[in-house]
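Read the numbers this way: they start at 1 and go in the same order the structure lists the ligands and their atoms. Predicted model only: the values in this text are computed from it and were never measured. In this chain, numbering begins with 1 at the start of the sequence shown.
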Amino acid sequence: NEVTKLESQYKPIFSANHYVGCTGSQPSTRGFTCSVWQLFHYLTVQAARTEISQDPLEILQAMHGYIKHFFGCTNCAEHFQAMATKRKIWSTPNKDDAVLWLWAAHNEVNNRLAGDSTEDPLFPKIQFPSQSSCSGCYKQPISPAIMETNWDKNAVLSFLKNIHNPEYISRYGVEHEELLQPTIEKLRQKRMIGNVFSDMDMRMGMLLYVFCIGMMVIAFKLFAFKGYRKKPYGHDLLGKV
Ligand SMILES: Cc1cc2nc3c(=O)[nH]c(=O)nc-3n(C[C@H](O)[C@H](O)[C@H](O)COP(=O)(O)OP(=O)(O)OC[C@H]3O[C@@H](n4cnc5c(N)ncnc54)[C@H](O)[C@@H]3O)c2cc1C
């Protein structure tokens, strides 16, 4: 009820009705649970990028509460709560660590579910990010002898902040772009226009514009109201002859 109330109070809110980022290769895979992960990763990153709140647990606590009370998969919810206690969710010291806490927790779930029947064959459960998408996130090349990945957590943090930066997020499937923050491309175009034309240029341009309009009004008054004078043509004279 609260969500519905807020939705009508602040509408329009949603830029699209279907989140294409979590479309599975089969109807039974990905979808909602994938979107829940994506949403909370996005929120931890946004909290770390802004100064709106200094509470490092704001997003993790919201996620913990949501999973505990509303997540349809009871098994998943129990696993998540057990993992939260084991990984000391309530001791997360700052907002960057909250981003990394969720990343590491998600990787633990990925590890547990790798090869599971719920896995989408086109989206295998890997330790995220893959080496091909962020080689700098790995401190040393993965070898079969090393069981645990040696992560460069600073690089992982930058990678996560980058992929969840609203300016870079793909607009594919978006129906109401005006509800979103401008993309980096749009911002660049704006800045380019701003750089090419200085404030002075803009003011001069406006003056010229007003001057031209004024000239047009004067010209219209001078010529339009003096009546139509027929231009004498040679064939008129010849006709009279
Ligand atoms: C809290 C929670 C607990 C769950 N527990 C279970 C369970 O016990 N059993 C079960 O069968 N299913 C569980 N699920 C569902 C499962 O984790 C997947 O969401 C589902 O199988 C769909 O997988 P997916 O391939 O779309 O990728 P998902 O694992 O849903 O990931 C979505 C996207 O997030 C990104 N991503 C992947 N890993 C990371 C990471 N470490 N950090 C940041 N981004 C990442 C990738 O782009 C990926 O495509 C749980 C889901 C949630 C939200």
For [Y], does its backbone N or O pair with a side-chain atom of [X] as donor and acceptor, under 3.5 Å?
X: Gln26; Y: Asp120; value: no
X: Lys161; Y: Ala48; value: no
X: Thr149; Y: Trp151; value: no
X: Trp103; Y: Lys153; value: no
X: Glu7; Y: Ile13; value: no
X: Asp152; Y: Lys139; value: no

Go through ligand 1 atom by atom and flag the ones less than 4.0 Å from a non-hydrogen atom of [X].
X: Val109; answer: 17 (O)
X: His41; answer: 42 (N), 43 (C), 44 (N), 45 (C)
X: Ile67; answer: 1 (C)
X: His79; answer: 8 (O)
X: Leu113; answer: 9 (N), 10 (C), 11 (O), 12 (N), 13 (C), 16 (C), 17 (O)

Among all protein heavy atoms, pick the one closest to [atom] and tell me residue, atom and distance.
atom: atom 32 (C) of ligand 1; answer: Cys34 SG, 3.5 Å
atom: atom 34 (O) of ligand 1; answer: His106 CE1, 3.6 Å
atom: atom 50 (C) of ligand 1; answer: Trp37 NE1, 4.0 Å
atom: atom 33 (C) of ligand 1; answer: Gln38 NE2, 3.6 Å
atom: atom 14 (N) of ligand 1; answer: Cys76 SG, 4.0 Å
atom: atom 35 (C) of ligand 1; answer: Phe128 CE1, 3.9 Å
atom: atom 49 (O) of ligand 1; answer: Arg30 NH2, 2.8 Å
atom: atom 38 (N) of ligand 1; answer: Asn110 ND2, 3.0 Å

Looking only at heavy atoms, is any part of [X] under 4.0 Å from ligand 1, and if so is it the side chain, the backbone, or both, or is it neither?
X: Phe40; result: neither
X: Ile126; result: neither
X: Arg112; result: side chain
X: Gln127; result: neither
X: Trp103; result: both
X: Asn107; result: both

Is it the case that Asn162 and Asn165 place a side-chain donor and acceptor less than 3.5 Å from each other? no
Would Asp116 and Thr118 count as having a side-chain donor-acceptor pair, cut-off 3.5 Å? yes
Hey, is [X] one of the residues with a heavy atom under 4.0 angstrom from ligand 1?
X: Lys125; result: yes
X: Asn75; result: no
X: Asp120; result: no

Interatomic distance, Leu39 atom CG to Cys34 atom SG [nearest 0.5 angstrom]: 11.0 Å
In this structure, CH2 of Trp37 is separated from CG of Asn110 (nearest 0.5 Å) by 7.5 Å
Ile52, CD1: over 12 other non-hydrogen atoms inside 6.0 angstrom: no
Using the six-membered ring wherever Trp is involved, compare the ring planes of [X] and [Y] and label them parallel, tilted or perpendicular (cut-offs 30° and 60°).
X: Trp90; Y: His64; value: perpendicular
X: Tyr42; Y: His164; value: perpendicular
X: Tyr66; Y: Phe40; value: tilted

The one among Asn111, Thr33, Thr44 that brings a heavy atom closest to atom 15 (C) of ligand 1: Thr33
